[in-house]
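Quick notes on the structure that follows.
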Amino acid sequence: MTINVRVTRDETLRIKVAPDILRRLEALAVRFGLPSSTLAAYAVAQWLAQQEQGAAVAEAVAKEIGGQAGDSLRQLVELVGSGQINPDS
């Protein structure tokens with residue numbers, strides 16, 4: 001089964017890179033048989049996806065840790081409030 005997806009690139013992004021970066025990009029583009037601009041667009045999209053995924057994972061971990069800390073704090077407050085724990089001792 002073949003899935004064809006057409007991606008259009010209508011926006012322009014101009015960046016300056018060091019000469020060695022451009023040479024490496026062009027060499028890799030030749031190896032893949034792609035224009036260097038297509039390979040660069042793919043690389044940027046891939047980097048963004050990785051950053052977004054990393055941010056989502058970090059957010060999920062922070063929420064989990066925050067939830068656990070909140071639960072522990074809530075239990076401690078309940079114990080103090082019920083007199084089971086004396087905060088002064």
Side-chain angles (χ1 to χ4, degrees):
M1 179 173 153
T2 301
I3 299 174
N4 292 321
V5 177
R6 181 164 172 84
V7 177
T8 58
R9 294 182 296 140
D10 298 328
E11 299 297 326
T12 300
L13 172 66
R14 292 179 48 106
I15 62 169
K16 291 188 178 203
V17 296
D20 68 305
I21 298 293
L22 181 58
R23 280 192 300 276
R24 290 167 54 201
L25 176 66
E26 288 172 342
L28 198 55
V30 167
R31 287 179 59 192
F32 283 116
L34 296 170
S36 57
S37 61
T38 299
L39 185 58
Y42 173 78
V44 169
Q46 190 68 21
W47 182 84
L48 285 171
Q50 290 173 346
Q51 297 306 307
E52 291 166 346
Q53 183 179 17
V57 168
E59 185 178 330
V61 168
K63 283 183 180 180
E64 180 65 25
I65 291 171
Q68 291 174 2
D71 290 343
S72 296
L73 185 56
R74 200 169 7 278
Q75 290 173 354
L76 183 58
V77 168
E78 288 172 1
L79 290 172
V80 169
S82 68
Q84 295 179 33
I85 294 179
N86 182 353
D88 296 326
S89 53

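The structure displayed is predicted, hence computed values, not measured ones.
Under the 4.5 Å side-chain heavy-atom criterion for Ile, Leu, Val, Met, Phe, Trp and Tyr, L25 and L13 are members of distinct hydrophobic clusters.
Looking at residues two or more places apart in sequence or on another chain, you find no salt bridge (Lys or Arg N to Asp or Glu O under 4.0 Å) involving R31. Under the rule for a side-chain contact (heavy atoms from CB on, under 4.5 Å), the partners of Q84 that lie at least two apart in sequence or sit in another chain are L79, S82. Evaluation of the side chain to side chain donor-acceptor pair (under 3.5 Å) rule for T12 yields no partner, not counting sequence neighbours. Listed by chain and residue number, R9 satisfy the side chain to side chain donor-acceptor pair (under 3.5 Å) test with T38 (two or more places apart in sequence, or in another chain). In this structure Q75 satisfies the side chain to side chain donor-acceptor pair (under 3.5 Å) test with no other residue, sequence neighbours excluded.
The side chain to side chain contact (heavy atoms under 4.5 Å, CB included) test with E26 is passed by exactly one of L22, L28, V30: L22.
Residues W47, L48 make up the rest of the hydrophobic cluster containing V44, defined by ILVMFWY side-chain heavy atoms closer than 4.5 Å, directly or through other members.
Nearest heavy atom pair, residue L39 against residue A29, reads CD2-N, 3.5 Å.
A 6.0 Å sphere centred on CD of Q53 holds no more than 12 heavy atoms belonging to other residues, nucleotides or ligands.
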